[in-house]
Amino acid sequence: MNNRNNGTAILLIVVGGLMLFGLFAPLFGKLIGLLFPILMIALGYYGIRRGRTLIGTIILAFGALSLLAKLSWFIGPLLGIALVIFGISLLKGKRNSY
């Protein structure tokens with residue numbers, strides 16, 4: 001049991017030290033920024049499952065839109081790649097039909 005407590009204590013010391021030096025703060029802020037919309041989605045889903053469909057849907061939609069806005073830096077390039085692949089497949093399909 002002492003080894004487990006020592007590992008937790010060392011982890012807390014390292015995380016605290018990184019926060020003091022400002023190295024962990026940007027990563028921590030981004031994680032919290034993503035965690036909040038995910039929690040809203042989960043809470044909205046829970047509300048819908050419990051029979052509170054109106055408030056659950058509102059919370060779920062707000063959380064989904066917030067998460068979409070937070071991940072736009074990732075979704076935009078993925079959408080571009082998907083469009084290029086789809087365009088290439090359309091060109092290949094036209095050549096095969098001749």
Legend entry - hydrophobic_cluster_shared for Ile58 and Phe36, side chain cutoff 4.5 Å: no
Inset, instruction - First locate atom CD1 of Ile85, then atom CD1 of Ile81, and finally report the distance between them rounded to the nearest 0.5 Å. - result: 7.0 Å
Inset, instruction - Provide the closest heavy-atom pair for Gly63 versus Met40 in the form atom of the first, atom of the second, distance. - result: CA-CB, 3.9 Å
Legend entry - Pairwise distance CG(Leu65) to CG(Leu67) - rounded to 0.5 angstrom: 9.5 Å
Legend entry - Ile48 side, atom CD1; Thr57 side, atom OG1 - distance, nearest 0.5 Å: 4.0 Å
Inset, instruction - Determine whether Ile55 and Arg52 make a side-chain contact, defined as any pair of heavy atoms from C-beta on separated by less than 4.5 Å. - result: yes
Legend entry - Side chain to side chain, Ile41 and Ile59, heavy atoms closer than 4.5 Å: no
Legend entry - Value rounded to 0.5 Å, distance of OH in Tyr46 from CG in Leu60: 15.0 Å
Inset, instruction - Kindly compute the distance separating CG (Leu79) from CZ (Phe74), expressed to the nearest 0.5 Å. - result: 12.0 Å
Legend entry - Contacts of type side chain to side chain contact (heavy atoms under 4.5 Å, CB included), residue Leu12, not counting sequence neighbours: Thr8
Inset, instruction - Please report the shortest heavy-atom distance between Ser72 and Ala69, naming the atom on each side. - result: OG-O, 3.2 Å
Inset, instruction - Supply the atom-to-atom distance Ile75 CD1 to Leu68 CG, rounded to the nearest 0.5 angstrom. - result: 4.5 Å
